Amino acid sequence: MNIQPAKHPPTSINELVKRAEVLAGLSLGELANLADIHIPKDFKRDKGWTGQLLEHYLGAEAGSNPEQDFPELGVELKTIPIDANGMPLETTYVCYCPLQNIAGIKWATSNVRNKLACVLWIPIEGSRDIPVSARRVASPFLWSPSHEQLHALQSDWEELMEMISLGEIENVTARHGEVLQIRPKAADGSVLTDAIGSKGTLIKTRPRGFYLRKQFTGALLAQHFGL
DNA sequence: AGTTGATCATTA
DNA sequence: TAATGATCAACT
């Protein structure tokens with residue numbers, strides 16, 4: 001099969017996985033060159049570069065919609081930077097965290113639950129001592145949470161969302177949550193959004209996002225790589 | 001201003 | 001040195 005950017009979204013999960021498997025072993029430099037995409041020297045100003053490069057090759061629709069990357073397949077795409085041992089170098093962003101109008105939101109229909117229902121993980125070498133262009137794509141794998149994982153995620157989500165609903169968002173830190181955490185998610189500290197305050201009134205606070213802890217994604221990678 | 005793609009860099 | 005809190009760019 002030729003290595004080239006996808007012209008159309010994959011029509012089946014099998015096709016999507018096949019496309020991803022073809023990329024394994026190739027470097028980001030090779031992929032960027034084939035797509036005629038500029039390669040940054042680091043990700044200081046291009047934090048989402050790798051994810052967008054892979055989206056390009058797999059045929060995901062670009063843009064910022066709070067849906068899965070492949071809505072017709074029910075699959076979410078996640079690149080994850082790994083060290084020399086195949087373990088995660090960063091936490092994994094899941095989705096935006098709602099801070100208001102959350103009265104009717106339930107775990108079963110939450111954005112977190114939806115996004116993580118089925119994920120195509122694509123590990124990529126991410127050590128900073130490897131030049132960006134030389135970093136290689138590792139073997140991809142499709143994952144759906146086990147009952148245990150689902151339960152752990154649900155527990156954290158419900159605990160965190162309860163705090164938010166009680167107006168305690170300012171007391172929520174990244175230390176909360178066993179596998180799922182909440183951290184700021186914005187261009188800088190000046191960005192503010194509405195949230196429920198301590199007295200039930202609206203307050204302004206930094207936007208937040210849900211992230212998967214490295215321990216959690218590390219277990220997925222360990223299983224995948226047979227460690 | 002919201003949400004996606006995430007990594008950076010200071011703190012503990 | 002790992003994790004938290006901060007930050008960057010694109011697109012809508």
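Please read all numbers here as calculations on a predicted model, not as lab measurements. Lettering of chains follows the sequences in order, A, B, ..., and the numbering in each one begins at 1.
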Would you jot down, in residue-number order, the residues of residues 167-177 of chain A having a non-hydrogen atom under 4.0 Å from DNA chain C?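 When residues 167-177 of chain A is checked for heavy atoms under 4.0 Å from DNA chain C, the hits, listed by number, are A:Thr173, A:Ala174, A:Arg175.
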For A:Glu125, check side chain to side chain donor-acceptor pair (under 3.5 Å) against everything at least two apart and list the hits.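 For A:Glu125, the residues satisfying side chain to side chain donor-acceptor pair (under 3.5 Å) (neighbours in sequence not counted) are A:Arg136.
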Applying side chain to side chain donor-acceptor pair (under 3.5 Å), name anything that partners A:Thr201, two or more places apart in sequence or on another chain.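 Expected list: none.
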Tell me which residues in [range] lie within less than 4.0 Å of DNA chain B, going by non-hydrogen atoms.
| range | answer |
| --- | --- |
| residues 91-107 of chain A | A:Thr91, A:Tyr93, A:Cys95, A:Tyr96 |
| residues 70-84 of chain A | A:Glu76, A:Lys78, A:Thr79, A:Pro81 |
| residues 204-213 of chain A | A:Tyr211 |

Going by salt bridge (Lys or Arg N to Asp or Glu O under 4.0 Å), name the pairs with one or both residues in residues 23-48 of chain A, residues two or more places apart or in two chains.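 For residues 23-48 of chain A: A:Asp42-A:Lys44.
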Quick one: ring-ring contact (aromatic ring centres under 6.0 Å, His included) partners of A:Tyr93, sequence neighbours excluded?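 Scan of A:Tyr93 (ring-ring contact (aromatic ring centres under 6.0 Å, His included), adjacent residues dropped) gives A:Tyr211.
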Run the salt bridge (Lys or Arg N to Asp or Glu O under 4.0 Å) test against A:Glu15 and tell me which residues pass, sequence neighbours left out.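 Checked A:Glu15 against salt bridge (Lys or Arg N to Asp or Glu O under 4.0 Å); matches are A:Arg19.
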Test question: given the 4.5 Å side-chain rule for I, L, V, M, F, W and Y, name all other residues clustered with A:Leu192, or answer none.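 Besides A:Leu192, the hydrophobic cluster comprises nothing; the residue is isolated.
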Produce the list of close N/O pairs, under 3.5 Å, pairing protein atoms with atoms of nucleotides 8-11 of chain B; give distances to one decimal.
unit_1: B:dC8; atom_1: OP2; unit_2: A:Arg128; atom_2: NE; d: 3.0
unit_1: B:dC8; atom_1: OP2; unit_2: A:Arg128; atom_2: NH2; d: 3.0
unit_1: B:dC8; atom_1: O4'; unit_2: A:Lys47; atom_2: NZ; d: 2.6
unit_1: B:dC8; atom_1: N4; unit_2: A:Glu90; atom_2: OE1; d: 3.2

How large an angle, rounded to 10°, do the end axes of the helix from B:dA1-C:dT12 to B:dA12-C:dT1 enclose when each is built from five base pairs?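 Roughly 20° between the end axes, to the nearest 10°.
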